[in-house]
Amino acid sequence: MTDSRLKQTTEVLAVGTALFVSFCTLAVYAYQAKVMKEQQHVSVWPYLEWATGNVKDFHITVKNKGVGPALIQKVEMTLDGKPVHTATELVSAVRGPDWSLQGLINSSLEGRVMSPGEEVSPITITDVTEGRAFEGQLRKHAFQLRITYCSIYGDCWITEGQRVKRQPKVDLGLY
């Protein structure tokens with residue numbers, strides 16, 4: 001092998017090694033960017049759960065147990081498979097149309113932004129006796145409350161109590 005041929009082979013080997021190292025570096029940076037994006041999304045992950053309570057009153061409480069704000073997109077209630085649109089409609093469907101609605105407090109969830117740790121009671125019956133009667137009758141029905149919510153990055157979930165299901169990502173137009 002001549003000196004020029006050896007020099008050429010060495011240069012080709014050096015260029016090939018440099019290209020290989022460059023591609024490996026690019027792959028590492030791409031992977032690191034992906035990991036950082038995932039960390040960024042997880043750092044603002046909301047986690048909504050809802051439950052009922054009946055110690056001092058009857059209430060349904062929704063709590064954001066996550067670390068980021070929950071943008072509530074949609075709230076759906078059904079009773080025995082039929083849609084119920086308001087707390088008043090739910091109480092009337094369970095207790096009957098003649099039931100007095102005194103002591104019923106309701107709060108809207110749809111369109112609300114819930115901060116981490118925030119708790120909202122969309123339905124409260126302040127009278128303990130009436131609340132427990134309502135709860136007893138509610139248990140005889142198939143009641144479902146589904147809340148669709150998203151993070152600020154458009155990652156979305158549906159909660160049905162303590163069960164949460166991932167939904168397709170949406171563009172919220174926030175960024």
What do the steps show when you test E118 against N64 for side-chain hydrogen bond (donor to acceptor under 3.5 Å, both in side chains), and what is the final call? CA-CA 6 Å; E118 185 177 356; N64 182 356; over 6 Å; no
If we only count heavy atoms from C-beta on, is the [X] to [Y] side-chain gap below 4.5 Å?
X	Y	result
T9	L13	no
V28	L26	no
L90	F134	yes
R112	S107	yes
C150	D155	no
L79	K82	no
W157	W45	yes
P46	Y149	yes

Search all heavy atoms of L109 against all heavy atoms of M114 and return the closest pair with its distance. CD2-SD, 4.4 Å
When rounded to the nearest 0.5 angstrom, what distance separates [atom1] in [X] from [atom2] in [Y]?
X	Y	atom1	atom2	value
I60	L145	CD1	CG	6.0 Å
T25	F20	OG1	CZ	9.5 Å
T124	N106	OG1	CG	8.5 Å
R132	N54	CZ	CG	5.0 Å
L19	C24	CG	SG	11.0 Å
M77	T86	CE	OG1	6.5 Å

Quick one: does any side-chain atom of [X] pair with a main-chain N or O of [Y] as donor and acceptor, under 3.5 Å?
X	Y	value
T159	L48	yes
E49	K63	no
S121	I123	no
T61	V120	no

Any carboxylate oxygen within less than 4.0 angstrom of a Lys/Arg side-chain nitrogen, looking at [X] and [Y]?
X	Y	value
E130	R95	yes
R146	E76	yes
R163	E160	yes

Just say parallel, tilted or perpendicular for the rings of W50 and F143, cut-offs at 30° and 60°. perpendicular
Does R139, at its CZ atom, have more than 12 non-hydrogen atoms belonging to other residues, nucleotides or ligands within less than 6.0 Å?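 Open.
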